[in-house]
2 protein chains.
Amino acid sequence: MDKGEPKWRRRKEARPSEIVQAALQVFSERGFAGAKLDEIAARAGVSKGALYLYFETKEELFRAVVRQAVAPNVAMVVAFAEAFEGSFADLARALLPRAAMVIQATGLGKVVKIVVGEGRNFPELARAWHDEVIQVALGALTRLIERAQARGEIAPGDPRIHAFSLIGPLLLGVLWRETFEPVGAQPIDLAAIAEQHVETVLSGMLVKQGEGGR
Amino acid sequence: MDKGEPKWRRRKEARPSEIVQAALQVFSERGFAGAKLDEIAARAGVSKGALYLYFETKEELFRAVVRQAVAPNVAMVVAFAEAFEGSFADLARALLPRAAMVIQATGLGKVVKIVVGEGRNFPELARAWHDEVIQVALGALTRLIERAQARGEIAPGDPRIHAFSLIGPLLLGVLWRETFEPVGAQPIDLAAIAEQHVETVLSGMLVKQGEGGR
DNA sequence: GTTTAATAACTAACCAGTCAGTTAGGAATT
DNA sequence: AATTCCTAACTGACTGGTTAGTTATTAAAC
């Protein structure tokens, strides 16, 4: 035993992002408390000890996951929305399906689940997510709604609740897929939710005739 | 040390419900994995060993919590909805605020969080919740929507997605309160969400004029 | 006196974080 | 160009604390 491959290589630069990538996977599959550092290390191709050369604690590793793997995607969607020229209705019709896609492609839904489920036991997780994701995304959407209200385009009412009205069902769809489909629930199509719900929320669920508003 | 109070009493009938009650509290506060059986036992006024006289495992105890403490409340709301005489619009206007109230009063939101967050690691949790709560509630709502569609009262489209459109924002509100308010997020009023969102979803978010549907 | 609800001390397993030791790989020396 | 030295990236066995589940024993109740 001599010449062959070395047991490991020194790759100070590449490690952190590889570890973060592996951590995203394992956190997604097992949640925060359920994720084992040994498994993260194994998937990143290093030993557990190496993790501690780059990240001080498990929580700090999770924060790094949020910052490097999640926040950029959110920023992209927000930038798209803020650069959008056209009516709010058209923006909404473009935004929801796009958000649905990004959520599925990035495994963002799984991280949401972690934060929701373990926020109570690990408040730092909830705070990091709130500051880096929610504040940014929901804040941007709320401002867009306020502007559309000022233009007389959409109905009065708390703009933040309007934002909830828009994205709530999408989130429900995400949680449905992640939580109940694996145990036998009837599958649901996220893109279909996005499409139908946008039209519902923009023009209403009631058939137009005498009825209308309250 | 003799005459005085006995160290404990045999109360075969009362124990199970007391334990379930204590378990609901502790599960709510700490999540499933985070809840310690010692703490549940302490709050129920028994030792950990006594738990195992009535429940085989931690998961079975959780199922009992769902069945005895949660399902009856859901059944009540469902019964109310199915007995309702009147338009779907009026039913929705009554149902959402009522659901919001029940959720807050019973701590149901906290259990939702557990199921969402830990369903992946403990599939039995997700299955129990799906079978005893989701199937019942969402099934009933979907049927009500189908009937309203048949009467021509509400717009065509997948009735299940319509149901998502109705309750999604409320769920988002619940998760918001439970997850982000404790770490400094701007508070939101569940009743206000219910009220505004029902009107939004029934008659639409757009101001009526040339716009309308797509 | 018998039964059994209930206890308390126990075991076995798990896992975040530590640390003493190992080895890759570049720098200095020949 | 070959050899030696040095450092820090990396390993993997270990520790300490935690907790679901078990069991030998005790005492309440009839």
Side-chain angles (χ1 to χ4, degrees), chain A residues 1-20 22-23 26-27 29-65 114 118 120-125, chain B residues 1-23 25-27 29-65 114 118 120-125:
Chain A
M1 71 173 88
D2 40 3
K3 295 285 177 50
E5 335 260 81
K7 289 185 179 169
W8 46 266
R9 291 183 183 285
R10 311 170 105 203
R11 293 168 56 241
K12 189 179 165 69
E13 281 70 32
R15 294 299 190 209
S17 72
E18 289 173 2
I19 293 171
V20 165
V26 180
F27 281 139
E29 289 168 21
R30 313 234 190 270
F32 180 77
K36 293 161 210 173
L37 292 181
D38 274 313
E39 186 173 354
I40 294 173
R43 288 210 209 173
V46 296
S47 70
K48 186 165 64 164
L51 262 45
Y52 284 86
L53 298 174
Y54 300 102
F55 304 94
E56 296 217 330
T57 64
K58 197 181 185 184
E59 282 201 26
E60 205 211 288
L61 177 54
F62 182 83
R63 272 199 296 279
V65 168
I114 297 173
E118 316 203 52
R120 167 102 39 194
N121 297 69
F122 305 95
E124 287 314 311
L125 270 51
Chain B
M1 66 174 94
D2 42 359
K3 296 282 177 51
E5 346 257 77
K7 289 186 178 166
W8 41 265
R9 291 185 182 283
R10 312 167 98 197
R11 291 168 56 240
K12 190 179 164 71
E13 281 71 32
R15 295 299 189 210
S17 71
E18 288 173 4
I19 292 171
V20 165
Q21 212 51 42
Q25 278 183 27
V26 179
F27 281 140
E29 289 169 21
R30 312 233 189 271
F32 180 76
K36 292 158 209 171
L37 291 182
D38 275 314
E39 187 175 354
I40 294 174
R43 287 211 210 173
V46 297
S47 70
K48 185 167 64 165
L51 262 47
Y52 283 86
L53 296 175
Y54 300 102
F55 305 95
E56 294 217 331
T57 65
K58 194 181 185 183
E59 287 195 18
E60 206 213 285
L61 177 55
F62 182 83
R63 270 200 299 280
V65 168
I114 295 173
E118 314 198 53
R120 168 99 41 193
N121 297 69
F122 306 95
E124 287 314 310
L125 270 51

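Quick note on labels: first sequence line is chain A, next is B, and so on, each numbered from 1.
- As rounded to whole Å, 14 Å separates atom C1' of D:dG12 from atom CG of A:L51.
- For the OP1/OP2 pair of C:dA6 and a distance below 4.0 Å, the side-chain nitrogens and oxygens of B:R15 include at least one atom meeting the criterion.
- For the atom pair CG (A:L37) and CZ (A:F55), the distance works out to 11.5 Å, reported to the nearest 0.5 Å.
- Here the closest heavy-atom approach between residue B:R43 and residue B:E29 is recorded as NH2-OE1, 2.8 Å.
- Across the protein-nucleic acid pair, B:F122 atom CZ and D:dA20 atom C1' stand 11 Å apart, rounded to whole Å.
- For the atom pair CD (B:E118) and CD (A:E118), the distance works out to 6.0 Å, reported to the nearest 0.5 Å.
- Distances shorter than 4.0 Å separate none of the side-chain N or O atoms of A:Y54 from OP1 or OP2 on D:dA9.
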Identify the pairs formed between an N or O of the protein and an N or O of nucleotides 15-18 of chain C at a distance under 3.5 Å, and give each distance.
unit_1: C:dC15; atom_1: OP1; unit_2: A:K36; atom_2: NZ; d: 3.4
unit_1: C:dA16; atom_1: OP1; unit_2: A:A35; atom_2: O; d: 3.0
unit_1: C:dA16; atom_1: OP1; unit_2: A:K58; atom_2: NZ; d: 3.1
unit_1: C:dA16; atom_1: OP2; unit_2: A:L37; atom_2: N; d: 3.1
unit_1: C:dA16; atom_1: N7; unit_2: A:K48; atom_2: NZ; d: 2.9
unit_1: C:dG17; atom_1: OP2; unit_2: A:Y52; atom_2: OH; d: 2.9
unit_1: C:dG17; atom_1: OP2; unit_2: A:K58; atom_2: N; d: 3.2
unit_1: C:dG17; atom_1: O5'; unit_2: A:Y52; atom_2: OH; d: 3.3
unit_1: C:dG17; atom_1: N7; unit_2: A:K48; atom_2: NZ; d: 2.8
unit_1: C:dG17; atom_1: O6; unit_2: A:K48; atom_2: NZ; d: 2.8

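- In summary, A:R63 and A:E60 do not engage in a salt bridge, as defined by a charged side-chain N under 4.0 Å from a carboxylate O.
- To the nearest 0.5 Å, atom CD1 of residue A:I114 and atom CZ of residue B:R120 are 9.5 Å apart.
- Counting heavy atoms from C-beta on, the side chains of B:F32 and B:N121 never come closer than 4.5 Å.
- Minimum heavy-atom separation, B:V26 to B:K36: CG1-N, 4.4 Å.
- The CD1 atom of A:I19 sits 8 Å away from the P atom of D:dC10 (whole-angstrom rounding).
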Enumerate the protein-to-nucleotides 4-8 of chain D contacts in which both atoms are nitrogen or oxygen and the separation is below 3.5 Å.
unit_1: D:dA8; atom_1: O4'; unit_2: A:R10; atom_2: NH2; d: 3.4
unit_1: D:dA8; atom_1: N3; unit_2: A:R10; atom_2: NH2; d: 3.2

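- In this structure, of C:dA6, D:dT11, C:dG25, it is C:dG25 that holds the atom nearest to the side chain of A:R9.
- We find the CD1-CZ distance between A:I40 and A:F27 to be 4.5 Å, quoted to the nearest 0.5 Å.
- In this structure, B:L53 atom CG and D:dA28 atom P are separated by 17 Å, rounded to whole Å.
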